[in-house]
Structures are given as C-alpha cells and as structure tokens.
There are 2 protein chains.
Amino acid sequence: MTSTDPGPLRPTRQRRAVVGVLGTFADFRSAQDIHELLTSAGEKVGLATVYRTLAALADAGEVDVLRNEDGEAVYRSCSDSHHHHLVCRSCGATVEVEGPAVERWTRAIAEQHGFTDVSHTLEIFGTCTACSGSS
Amino acid sequence: MTSTDPGPLRPTRQRRAVVGVLGTFADFRSAQDIHELLTSAGEKVGLATVYRTLAALADAGEVDVLRNEDGEAVYRSCSDSHHHHLVCRSCGATVEVEGPAVERWTRAIAEQHGFTDVSHTLEIFGTCTACSGSS
DNA sequence: CTGCAGTTGACAATGATTCTCAACTGATTG
DNA sequence: CAATCAGTTGAGAATCATTGTCAACTGCAG
Ligand SMILES: [Zn+2]
Ligand SMILES: [Zn+2]
Ligand SMILES: [Zn+2]
Ligand SMILES: [Zn+2]
C-alpha cells in the first residue's frame, strides 16, 4: 500500500514566497518581520498564512525556531544537521555551532536520571565584534 | 560612597506571599498558576503584582525563568549556583543539573568567534521514569 | 503623628498567535 | 477543456499572556 501520506503540503505561490525570503537573511526573524519582508517585496501573502507556513516548516525541520527574550517565536533557515546558535544580543548576527561533546553530555545526563525520548535546546548569547566597538 | 542603591525592594505582605508559594513546588509554574496557588491558599494578591514580583525576583536572580513551548514564562525557585534543567515533558518534574564541561565549551565557542559578554540557555527535555510507564 | 516614595490592584490596553469559514487553487480525471 | 475535490488562503474576530494606568494604600524615616 502506498497510501499513508501524513501530510501532502502543496507547493503554492505563498509557500514558495515564504521559503524564498527565508533565504534572504541569516539571522532570526519573527513571523511578522517575515510578513513585512514579503509585503515590501511585492508578494501578497496573508499574515495568517505566514504563521501557518512557518509553523509547518518548523514542524518539518526545514527551519529553526527559537524564542527571543520577549517570548516571540523567531525563525531562520538553517543547515540540516543538528546544531546550536551563537547569537549577537545586539545585532542578531547568528553563527551555527556544533558540539558533539555537549550532545553526548545531555544524553548521558538524561539517561542517568532515567529520562527517555530526550531532546534539548541550547543557545549562546553575546556581543559580536562588530557591536563591541560601538560604545 | 554608600549611595548608588539601584532598587530598594520593600518586603511587603504580597512579596512575602509570592516567595512563600515559590517554595511549595519543585517544577516550573506560570505567573497565572502561581496567582491561583496564592488565591486558593487564601492570600489575596493581585495578578499584576504577581507578575511584577516574579519579574523582580527573576531579575535579581532569586528565581529561574524559562519559556515553555507555548512561549509562556514559567518560574521556579532554584539553588543559587549556575545550573540547567532536565524537565519531564509530561509531568513537569524538574532536576537541576550541572556541567562544567558545557560551561567551558560555550565560553570557548563564543571567544573563538570574538563574542563577549556571553551567556547561555540550556534545557534538556524528556520523559521521566514515572511517566514512561503510563502508556 | 506626618509625609512621601515605593507598592498595590482593578481594569484597560497591547500585541502575538490562533481560529473561523467562505472563497480560491492546483492536481487529477474523463 | 471542464468538472471535481481536498488542501489552502485571507480578512477579521477571538484568545490570552503580559504590561500599562492611576488613584488609593502602606512601610518607614523624621
Ligand atoms: Zn539553526
Ligand atoms: Zn544539540
Ligand atoms: Zn534552576
Ligand atoms: Zn550553564
């Protein structure tokens, strides 16, 4: 049987547009920011659709999501492999980082306490060189 | 000079009450949850005050704050030393964990990229033994 | 006791995210 | 090409956590 398709996900103009802008910036942006980018680029996409699309992409692992300190969800198109982020608190510049040791550590800690089905979140914040200068 | 007092912070009935309930649970709770706990305990404290107090405590490092997956801020009274959390996705049970190696790693990574004034967030999620059983 | 800066609380205001639901669209079939 | 239908969209309403307002209140110093 070739039936059990969990979710089709049709490639529509709107979805293509969202994926499109996601490639035009390297930092994390909110759904509203992305909606504005689309609008000012001439692409007409409803705000609700932007939210839905981003949620779907995040769900599919196509984009990374995290919460800024105000609790808003921000998105970024990242590499496929598992990684974390080093983010500039001032300008938002983002660097993807990997740490096999950390991955191992989290797994060990969880196992040590009998936790299963483990996942984790890890972000590093700081001030990048460019922003250090401007007093 | 004994002048530069950033913020007084007077010990009022309300503030004592909030600190009080914070000691009655070991997992992370939202401001609203805490407000309900206070109310059902007979303590009359306004919701806005609970928010303000929690924000102040968090600011002073007296409590830990983090965002649940819905983006809501949740609070917990923790030990003073720097640590992270292993949280059960199902029941919320929380374990404080420490990882000197991770602390070192984040600092190194940040330095490597020229970032200064570094901080980080790290949480581990999973299903605890108690919750693994219940299918 | 008085005076005042710090606090409080009822309620309004904000703002991100989700919901509703009728109109639309893309692939598929004949 | 036209009919068909599940998936999709968008305008606007609805949610809901969190913050702002501001007059009344309350520790504490003089
Ligand atoms: Zn990423
Ligand atoms: Zn990781
Ligand atoms: Zn803690
Ligand atoms: Zn740490």
**Asked** Which of the following nucleotides, D:dA11, C:dG6, D:dT8, is nearest to the side chain of A:Ala48?
**Response** D:dA11

**Request:** State which of C:dT7, D:dT18, D:dG7 makes the closest approach to the side chain of B:Thr12.
**Result:** C:dT7

**Message:** Looking only at the side chain of B:Ala73 (C-beta and beyond, no hydrogens), which of the listed nucleotides D:dT9, D:dT18, D:dG27 gets closest?
**Reply:** D:dT18

**Request:** Could you tell me whether A:Glu111 atom CD has more than 12 heavy atoms of other residues or ligands within 6.0 Å of it?
**Result:** no

**Request:** Could you check how far CZ of A:Arg67 sits from P of C:dT17, rounded to whole Å?
**Result:** 6 Å

**Message:** Closest approach to the side chain of A:Thr49, judged atom by atom: which nucleotide of C:dG9, C:dT8, D:dG10 is it?
**Reply:** D:dG10

**Item:** Selection from C:dG9, D:dA6, C:dA16 that lies nearest to any side-chain heavy atom of B:Arg13
**Value:** C:dG9

**Prompt:** What's the CG-C1' distance between A:Leu47 and C:dA16, to the nearest Å?
**Reply:** 9 Å

**Prompt:** Looking at the side chain of B:Val45, which of D:dT8, C:dT7, C:dG9 is the nearest nucleotide?
**Reply:** C:dG9

**Prompt:** B:Tyr51 OH to D:dT18 P: how many Å, rounded?
**Reply:** 4 Å

**Asked** When the distance from CD of A:Glu36 to P of C:dA16 is rounded to whole Å, what number comes out?
**Response** 10 Å

**Message:** Counting distance alone, no hydrogens or angles: does the base of C:dG9 have a donor or acceptor under 3.5 Å from a partner atom on the side chain of B:Arg52?
**Reply:** yes

**B:Glu96 and B:Arg76 ion-paired at < 4.0 Å** = yes

**Complete:** Among the nucleotides D:dT8, C:dT17, D:dG12, whichever has the atom closest to the side chain of A:Glu72 is C:dT17

